[in-house]
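Everything numeric here is computed off the predicted structure, so don't read it as measured data.
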Amino acid sequence: MRLKVVLGVAAAVVVVAVGGAIVYVSTIDFNQYKGLISDQVKQATGRDLAIKGELKLAIGLSPAVAVEDVTFSNASWGS
């Protein structure tokens, strides 16, 4: 009987922790990182990245940040 109570409490704690984490991450404004992302891409590739759309969080089994209206400049040797 006591094991069931302990497991039930542990499961409830895990559910509350996961739910809290999802709520916390959902409140983050990812648009504040546009400049940082563009700067890091420029530093890594030497090419310009322009993010004109909104960064949106997609929560699921494979979480992602989605964005529209992004341009990435061609390499100097490309056309």
Measuring from Asn31:CG to Lys56:NZ, what's the distance to the nearest 0.5 Å? 9.5 Å

So how far is it from Gln40 CD to Thr45 OG1, rounded to the nearest 0.5 Å? 10.5 Å

Taking Ser38 for the side chain and Gly35 for the main chain, is one N or O donor matched with an acceptor at less than 3.5 Å? no

Cluster link Val23 to Val13, ILVMFWY, side chain under 4.5 Å: no

Hey, could you give me each pair passing salt bridge (Lys or Arg N to Asp or Glu O under 4.0 Å) that has a residue in residues 43-52? Not counting sequence neighbours. Lys42-Asp48

More than 12 heavy atoms of other groups within 6.0 Å of Gln32 CD: yes

When you group the ILVMFWY residues by side-chain heavy-atom contacts below 4.5 Å and let the links chain together, are Val67 and Ile59 in the same group? yes

Neighbour count above 12 (heavy atom, 6.0 Å) for Tyr33 OH: no

Do Leu57 and Tyr24 sit in one hydrophobic cluster, given that two such residues count as connected whenever their side-chain heavy atoms are within less than 4.5 Å of each other, even indirectly? yes

Hey, could you give me the CD1/CD1 distance between Ile37 and Ile51, rounded to the nearest 0.5 Å? 4.5 Å

Using the rule that two of Ile, Leu, Val, Met, Phe, Trp, Tyr join whenever any of their side-chain heavy atoms come within less than 4.5 Å, decide whether Val14 and Val25 are in one cluster. yes

Is there a path from Leu36 to Phe72 through hydrophobic residues (I, L, V, M, F, W, Y) whose side chains come within less than 4.5 Å of each other? yes

Identify the two heavy atoms, one from Pro63 and one from Gly60, that lie closest to each other, and give their separation to 0.1 Å. CD-O, 3.6 Å

